[in-house]
Amino acid sequence: MRQIPVIYVVSDSIGETAESVVRAAASQFDGGHVILRRVSYVKDTQTIEETVNAAAVEDACIAFTLIVPELKSQLVRRARALGVRYVDIMGPMIEMLQDVVGERPRLLAGLVHQLDEDYFRRVEAIEFAVKYDDGKDVRGLLQADVILVGVSRTSKTPLSMYLAHKAIKVANVPLVPESRPPKQLDDPEVRNKIIGLTIRPDKLNLIRQERLRALGLKDESMYASSTRIVEELAYARTIMDTLGCPVVDVSDRAVEETAGIILDIFSDRTAGHSPS
């Protein structure tokens with residue numbers, strides 16, 4: 001009966017990359033039956049020594065994704081000395097990319113998983129922005145990193161989505177004279193997250209008229225009237241003054257530019273400074 005191969009998967013990170021490659025290769029041989037022994041988060045040469053010695057005793061092979069040069073060198077030296085077969089899964093690809101790109105690799109363990117974590121944080125922030133858009137659910141105010149308040153058509157939703165792609169959880173709340181703002185905005189913990197958005201009346205008038213036309217409605221609607229707009233902006237300013245939040249004028253700014261200002265405010269707050 002043929003012996004089932006034993007393969008040590010050695011990594012200075014999780015080791016998922018090496019394991020995936022080994023399993024993919026093994027699947028080409030009669031069902032892919034192999035015994036995997038994963039050795040993750042290797043940080044010292046002693047662990048390398050112990051692992052190679054164990055592989056030698058079992059007549060096993062080693063597949064590794066070691067990025068730290070001294071750990072990689074130690075494994076190769078020891079494996080050659082003991083006659084243990086090994087495969088460097090990442091090394092040849094990194095060397096090729098170094099030649100193509102013309103830059104030295106960073107040689108930091110676990111970067112791919114850091115990228116994965118960043119990706120999932122962005123996805124979570126995007127889902128958050130959708131769920132707590134336009135004041136749909138005030139429970140999001142306590143969980144948000146940033147809370148945007150302002151009248152309709154001050155780019156609250158586009159800004160929320162833009163910032164979400166920076167992994168920032170944003171909730172936004174419309175300010176309407178006929179509706180009192182959520183009482184949660186008075187919570188000291190929530191207040192520190194609020195940023196107000198304002199806009200010039202003439203600019204808002206043009207934006208709302210365009211919005212009505214896009215919806216197939218008459219642009220003389222109260223929604224786009226100058227009187228109504230001035231009333232809404234005055235009301236919103238009163239609320240923002242009461243909340244004591246910084247206010248950003250979006251009148252002549254692209255979403256990216258406004259988002260940059262908000263990010264600066266957010267960074268200052270995170271660093272423990274009060275926005276000016």
Side-chain angles (χ1 to χ4, degrees), residues 111-176 179 181-200 203-204 206-208 210-211 214 229 232-233 235-276:
L111 286 182
V112 66
H113 298 289
Q114 292 175 27
L115 293 174
D116 287 344
E117 290 171 9
D118 289 342
Y119 168 77
F120 286 116
R121 278 198 295 270
R122 287 196 300 272
V123 170
E124 184 181 3
I126 291 168
E127 291 175 347
F128 186 93
V130 171
K131 184 175 182 180
Y132 299 110
D133 181 45
D134 208 31
K136 290 176 185 173
D137 189 342
V138 295
R139 290 176 297 182
L141 299 180
L142 281 171
Q143 304 168 42
D145 298 316
V146 171
I147 301 166
L148 302 178
V149 299
V151 302
S152 174
R153 314 311 296 176
T154 49
S155 299
K156 294 188 299 299
T157 297
L159 284 166
S160 296
M161 297 306 299
Y162 185 95
L163 293 167
H165 280 85
K166 304 289 186 183
I168 296 174
K169 294 181 180 178
V170 185
N172 70 75
V173 177
L175 298 179
V176 184
S179 301
K183 64 179 183 298
Q184 287 82 356
L185 293 180
D186 292 325
D187 186 313
E189 185 177 342
V190 171
R191 276 198 180 199
N192 194 44
K193 306 173 183 178
I194 301 172
I195 297 174
L197 303 175
T198 191
I199 189 171
R200 290 199 319 269
K203 186 75 172 181
L204 185 54
L206 292 173
I207 292 172
R208 288 190 175 183
E210 187 61 35
R211 176 61 176 166
I229 286 173
E232 286 188 35
L233 290 172
Y235 170 77
R237 189 72 209 204
T238 299
I239 297 298
M240 295 174 197
D241 288 345
T242 301
L243 294 171
C245 64
V247 179
V248 181
D249 191 329
V250 304
S251 299
D252 298 309
R253 291 190 170 103
V255 168
E256 295 83 358
E257 187 180 357
T258 305
I261 296 171
I262 293 171
L263 285 170
D264 287 343
I265 296 172
F266 175 73
S267 297
D268 284 343
R269 287 175 169 175
T270 305
H273 304 131
S274 299
S276 56

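Source: prediction; values computed, not measured. Hydrogens, waters and symmetry mates are skipped; everything else that's a heavy atom, side chains included, is used.
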Nearest 0.5 angstrom please: [X] [atom1] to [Y] [atom2], how far?
X      : Y      : atom1 : atom2 : result
Ile261 : Ile195 : CD1   : CD1   : 10.0 Å
Lys166 : Ile262 : NZ    : CD1   : 12.5 Å
Gln143 : Leu141 : CD    : CG    : 9.0 Å
Met161 : Thr157 : CE    : OG1   : 9.0 Å
Ile126 : Leu163 : CD1   : CG    : 11.5 Å
Asp137 : Arg139 : CG    : CZ    : 4.0 Å

Is there a donor-acceptor contact under 3.5 Å from the side chain of [X] to the main chain of [Y]?
X      : Y      : answer
Ser155 : Val255 : no
Arg237 : Thr198 : no
Asn172 : Asp134 : yes

Discussion item. With a 6.0 Å cut-off (strictly less than), is the heavy-atom count around NZ of Lys131, excluding the residue itself, greater than 12?
Written reply: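 Counting neighbours around NZ of Lys131, 12 or fewer heavy atoms of other residues, nucleotides or ligands fall under 6.0 Å, so no.
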Worksheet item: Sequence neighbours excluded, which residues qualify as salt bridge (Lys or Arg N to Asp or Glu O under 4.0 Å) partners of Lys169?
Response: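 Salt bridge (Lys or Arg N to Asp or Glu O under 4.0 Å) list for Lys169, sorted by chain: Glu124.
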Considering all heavy atoms of both residues, which atom of [X] and which atom of [Y] are nearest to each other, and what is their separation?
X      : Y      : answer
Arg208 : Ile229 : NH1-CG1, 3.9 Å
Ile147 : Val173 : CG2-CG2, 4.4 Å
Met240 : Val149 : CE-O, 3.7 Å
Gly135 : Pro174 : N-CD, 3.8 Å
Ala129 : Ser160 : CB-O, 4.0 Å
Thr258 : Arg253 : OG1-CB, 3.4 Å

Discussion item. Taking the basic N atoms (NZ, or NE/NH1/NH2) and the acidic carboxylate oxygens, is any pair closer than 4.0 Å for Asp186 and Arg191?
Written reply: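 Salt bridge flag = yes for Arg191 with Asp186.
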Practice prompt. Taking only Lys NZ, Arg NE, NH1 and NH2, and the carboxylate oxygens of Asp or Glu, determine whether Arg153 and Glu232 approach each other closer than 4.0 Å.
Written response: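 Here Arg153 does not pair with Glu232 in a salt bridge, since their nearest N and O are not under 4.0 Å apart.
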Discussion item. If you apply the rule side-chain contact (heavy atoms from CB on, under 4.5 Å), what do you find for Ile207 with Ile199, and how did you get there?
Written reply: CA-CA 11 Å; Ile207 292 172; Ile199 189 171; 3.7 Å; yes
Worksheet entry | Given Ile265, Ile194, Leu159, Ile168, the one that forms side chain to side chain contact (heavy atoms under 4.5 Å, CB included) with Val146 |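 When side chain to side chain contact (heavy atoms under 4.5 Å, CB included) is applied between Val146 and each of Ile265, Ile194, Leu159, Ile168, only Ile168 qualifies.
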Discussion item. side-chain contact (heavy atoms from CB on, under 4.5 Å) for Lys156 and Leu197? Distances and angles first, verdict last.
Written reply: CA-CA 8 Å; Lys156 294 188 299 299; Leu197 303 175; 3.7 Å; yes
Fill in: Beyond-backbone contact of Asp252 with Arg200, side-chain heavy atoms, under 4.5 angstrom
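Counting from C-beta outward, Asp252 and Arg200 do come under 4.5 Å.
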